[in-house]
> 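Mind looking over this structure? Questions follow.
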Amino acid sequence: MEKLQNFIDGQYCAPLKGNYIDNYEPASGKVYSLIPNSDAEDVQLAVDAAEKAFPIWSKMSIEERSSILVKLSEGIEARMDEFVQAESRDNGKPLSLAAHVDIPRAVSNFHFFATAILHYASESHNMEGVGVNYTLRKPLGIVGCISPWNLPLYLFSWKIAPALAAGNCVITKPSEVTPYTAYLLGKVAQEAGMPDGVLNILHGEGGAVGDAIVKHSKIKAISFTGGTKTGEYIARTAAPMFKKLSLELGGKNPNIIFADCDFKEMMSTTLRSSFANQGQICLCGSRIFVERSIYDKFKAEFVDKVAKTVVAHPNNPDAKLGAVVSQSHMEKVLSYVELAKEEGGTVLTGGERVILDAPYENGYYLRPTVIEGLDYNCRTNQEEIFGPVVTITPFDTEEEVLMMANSTQYGLSATLWTSDLKRAHRMANEIDAGIVWINAWLVRDLRTPFGGVKASGVGREGGWEALRFFTEPKNVFVKY
Ligand code: NAD
């Protein structure tokens with residue numbers, strides 16, 4: 001069985017204690033590789049390497065740093081097929097999704113920040129007749145980046161690209177559920193000429209190696225994407241150490257559909273925003289609110305289309321949904337379907353496992369699920385399920401739907417469907433969310449601020465926001 005390795009000081013190496021954990025293939029439910037179960041000793045090795053590398057990396061010219069990161073981006077592109085296969089196998093997502101979204105986006109993330117850093121300028125504030133202030137923006141030193149399993153390399157690179165571009169050395173941990181593409185990245189970093197110790201990739205469980213990263217006194221900032229509960233723990237641990245923190249957490253996003261929308265476009269996008277990546281995208285719209293005058297029409301067409309959606313092995317080109325990421329996650333999603341029934345909901349379609357033919361009969365496949373008849377305030381409508389399950393709820397007025405949309409503890413994103421321009425702007429302004437799409441979903445411009453409000457997180461990623469997070473401003477005043 002293949003054993004993955006950590007990538008520390010520019011070399012692949014086994015975890016110091018020699019412990020490994022199983023890595024499952026969601027499509028078959030079988031173990032297919034072993035992951036280092038690293039701990040604080042491995043983190044210390046990485047910190048030692050990063051400390052040595054920091055003066056080299058941070059003092060390198062921006063052009064040189066940029067060129068290494070461009071090579072990293074090109075290196076992933078050159079191995080596109082290998083990365084696509086690995087991502088789909090590790091996560092269970094359709095091959096076509098990994099090929100069209102995940103890996104191209106990882107390529108763009110590195111390319112975007114490699115070139116952004118060339119244009120990153122700091123401020124100066126003139127005081128007429130008195131003097132001038134200028135702001136230096138210096139890298140923080142060693143930073144920690146921790147990422148989740150749903151968009152493995154996509155989110156991993158979204159953090160480490162700006163951290164590296166800004167001149168930091170990085171100690172990073174992908175999810176232990178989907179480690180493979182991060183493991184492959186070490187080779188690409190070597191080939192791109194990244195100096196040893198600049199990028200260190202550690203594998204293992206959150207409570208062990210993740211916790212050791214968060215607690216290490218020499219790691220100056222933590223950029224974390226994952227669940228709200230983990231984010232709370234990280235904030236509690238890191239805040240008293242005065243670390244900079246960026247927390248991208250859970251969501252329970254509303255998808256609000258008015259009768260005056262472009263019905264056809266709304267329908268095809270809503271199918272994607274509900275079930276893309278098996279509903280395991282933090283931006284999926286899991287609470288669908290539909291204006292009452294079109295509720296029955298929406299319900300009939302939506303349920304019909306969802307029922308016909310192909311759930312299949314990720315390599316099947318017809319697969320719209322592959323497998324969810326793990327057995328425990330599949331069980332969690334199914335438990336929410338049971339909860340929804342207890343809460344008075346009616347399952348209109350789905351709500352069950354899909355058993356494929358051998359040898360995939362133990363894979364984690366779920367039928368996309370639509371539920372109606374639930375109160376906006378019940379647990380099914382308030383808690384994050386993070387799977388292929390949506391609820392549909394009718395509404396009568398703008399005020400009512402706004403109240404329901406804003407009723408959860410979360411505030412990541414929202415989608416609005418209407419052709420009334422004034423209403424679109426009015427509602428976008430009132431919705432508790434860091435990101436609002438009007439007549440669209442998941443259109444991403446990497447320059448825009450990305451992040452959530454309330455329990456969906458603290459801080460913003462993307463564009464200058466990310467480069468600001470990964471640098472420390474220092475103001476210098478010079479008297480005239
Ligand atoms: P998770 O919180 O369980 O794990 C995320 C990462 O944190 C993993 O690498 C894990 O090993 C690590 N971790 C766990 N415990 C830790 C600890 N005590 N200290 C340090 N690290 C620890 O989340 P998940 O199940 O991997 O991902 C799903 C969640 O991520 C969902 O809630 C989803 O909404 C959220 N998410 C948010 C965004 C966003 O941009 N806001 C994007 C994607 C996913």
Side-chain angles (χ1 to χ4, degrees), residues 21 23 35-40 43 90-91 93 101-102 105 109 144-160 171-179 182 201-216 219 222-238 243 245-253 276-286 324-326 328-330 332-333 336 383-387 408-413 433-435 442 444 448-462 465-466:
I21 43 182
N23 187 23
I35 314 161
N37 197 3
S38 316
D39 64 15
V43 172
D90 218 22
N91 174 278
K93 65 179 70 211
V101 178
D102 291 75
R105 176 56 193 276
N109 286 342
C145 298
I146 300 177
S147 57
W149 49 256
N150 63 322
L151 299 167
L153 194 67
Y154 176 132
L155 291 174
F156 189 73
S157 53
W158 183 232
K159 295 184 175 308
I160 65 179
I171 297 185
T172 181
K173 189 194 100 57
S175 168
E176 64 275 33
V177 186
T178 52
I201 303 166
L202 300 181
H203 298 277
E205 290 164 344
V209 65
D211 195 44
I213 292 173
V214 173
K215 285 182 175 155
H216 200 291
I219 298 180
I222 301 291
S223 171
F224 168 80
T225 300
T228 293
K229 279 250 155 335
T230 317
E232 254 176 56
Y233 172 79
I234 289 176
R236 253 201 324 274
T237 311
K243 295 189 185 210
L245 273 178
S246 165
L247 302 172
E248 301 295 334
L249 311 177
K252 187 76 178 174
N253 310 309
N277 204 35
Q278 298 73 245
Q280 303 165 137
I281 299 181
C282 54
L283 306 163
C284 279
S286 54
V324 300
V325 79
S326 66
S328 61
H329 191 57
M330 177 176 71
K332 175 190 152 184
V333 174
Y336 270 102
E383 297 175 14
E384 185 183 43
I385 301 174
F386 211 52
T408 74
Q409 64 164 330
Y410 297 107
L412 188 52
S413 71
I435 303 149
L442 205 57
R444 293 280 297 119
T448 59
F450 180 90
V453 299
K454 304 198 289 193
S456 289
V458 179
R460 292 292 179 273
E461 299 186 321
E465 301 276 349

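All values below come from the heavy atoms of this structure, side chains included, with hydrogens, waters and symmetry mates left out. All figures in this text were calculated on a predicted structure; none of them were measured in a lab. Counting starts at 1 for both ligands and their atoms, in listed order.
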> Could you tell me which atoms of ligand 1, counted from 1 in the order shown, lie closer than 4.0 angstrom to a heavy atom of W149?
24 (P), 25 (O), 26 (O), 27 (O)
> Contact between ligand 1 and P174 is defined here as a heavy atom of the residue under 4.0 Å from a ligand atom; is it met?
yes
> Please could you name the atoms of ligand 1 that F450 approaches to less than 4.0 Å, counting only its heavy atoms?
40 (O)
> Which residue and atom name correspond to the protein heavy atom nearest atom 41 (N) of ligand 1, and how close is it?
L249 O, 2.8 Å
> List the atom of A40, the atom of A212, and the distance in Å for their closest heavy-atom pair.
CA-CB, 3.6 Å
> For F386 versus H329, what's the shortest heavy-atom pair and its separation?
O-NE2, 2.8 Å
> On a heavy-atom basis, I'd like to know which of F386, F156, Y410, W158 is closest to atom 33 (C) of ligand 1.
F386
> Of all the heavy-atom pairs spanning E461 and S223, show the shortest one and how long it is.
OE2-OG, 3.6 Å
> Should you measure from each heavy atom of L155, which atoms of ligand 1 turn up under 4.0 Å away?
42 (C), 43 (C)
> With the side chain counted from C-beta on, respond yes when D102 and P152 share a heavy-atom pair under 4.5 Å apart, and no when they do not.
yes
> Counting heavy atoms only, which of S175, G210, P179, G204 is nearest atom 21 (N) of ligand 1?
G210
> Among G434, G226, G250, which one puts a heavy atom closest to atom 35 (C) of ligand 1?
G226
> At what distance is the nearest protein heavy atom to atom 7 (O) of ligand 1, and which residue and atom is it?
F224 CE1, 3.1 Å
> With atoms numbered from 1 as shown, which atoms in ligand 1 lie under 4.0 angstrom from a non-hydrogen atom of Y233?
18 (N)
> Would you say atom 4 (O) of ligand 1 has a protein heavy atom nearer than 4.0 Å?
no
> How close does the nearest protein non-hydrogen atom get to atom 36 (N) of ligand 1, and which residue and atom is it?
C282 CB, 3.8 Å
> For G227, take its heavy atoms, then give the atoms of ligand 1 lying under 4.0 Å from any of them.
1 (P), 2 (O), 23 (O), 29 (C), 30 (O), 32 (O)
> Do you know which two heavy atoms are closest between P174 and F156, and how far apart they sit?
N-CE1, 3.7 Å
> For the side chain of S456 and the backbone of G411, is there at least one donor-acceptor N/O pair under 3.5 Å apart?
yes
> Among all the protein's non-hydrogen atoms, which is closest to atom 11 (O) of ligand 1, and how far away is it?
E176 OE1, 2.6 Å
> Are any of the heavy atoms in G452 under 4.0 Å away from ligand 1?
no
> Mind listing the closest non-hydrogen atom pair of W149 and T178 along with its distance?
CA-OG1, 3.2 Å
> Considering only the protein, which heavy-atom contact is closest to atom 9 (O) of ligand 1, and what is its distance?
S147 O, 2.8 Å
> Please write down residue, atom name and distance for the protein heavy atom closest to atom 31 (C) of ligand 1.
E384 OE1, 3.4 Å
> Would you mind telling me which of V325, V324, N150, L283 makes a side-chain contact (heavy atoms from CB on, under 4.5 Å) with N277?
N150
> Counting only heavy atoms closer than 4.0 Å, does ligand 1 sit against the backbone of I146, its side chain, both, or neither?
side chain
> Answer whether the closest heavy-atom distance between the side chains of Y410 and L249 falls below 4.5 Å.
no
> Please list, in number order, the atoms of ligand 1 under 4.0 Å from a heavy atom of D211.
19 (N), 20 (C)
> For the atom pair CD (E384) and SG (C282), what is the distance rounded to the nearest 0.5 Å?
8.5 Å
> Within this structure, what is the NZ-CD1 distance for the pair K229 and I234, rounded to the nearest 0.5 Å?
13.5 Å
> At less than 4.0 angstrom from any non-hydrogen atom of L412, what atoms of ligand 1 do you find?
41 (N)
> For S147 and K159, test the side chains for any donor-to-acceptor distance below 3.5 angstrom and give the result as yes or no.
no
> Which residue holds the protein heavy atom closest to atom 15 (N) of ligand 1, what is that atom called, and what is the gap in Å?
T230 CG2, 3.3 Å
> Taking distance alone, with N or O pairs closer than 3.5 Å, would you say S456 contacts ligand 1?
no
> Check whether the side chains of K252 and T408 place a donor and an acceptor atom closer than 3.5 Å, and report yes or no.
no
> Would you name the heavy atoms of K243 and H216 that are closest together and state the gap between them?
NZ-O, 2.5 Å
> Only heavy atoms of N150, strictly under 4.0 Å: list the atoms of ligand 1 that pass.
43 (C), 44 (C)
> Checking a contact table here: which protein heavy atom is nearest atom 22 (C) of ligand 1, and how many Å away?
G206 CA, 3.4 Å
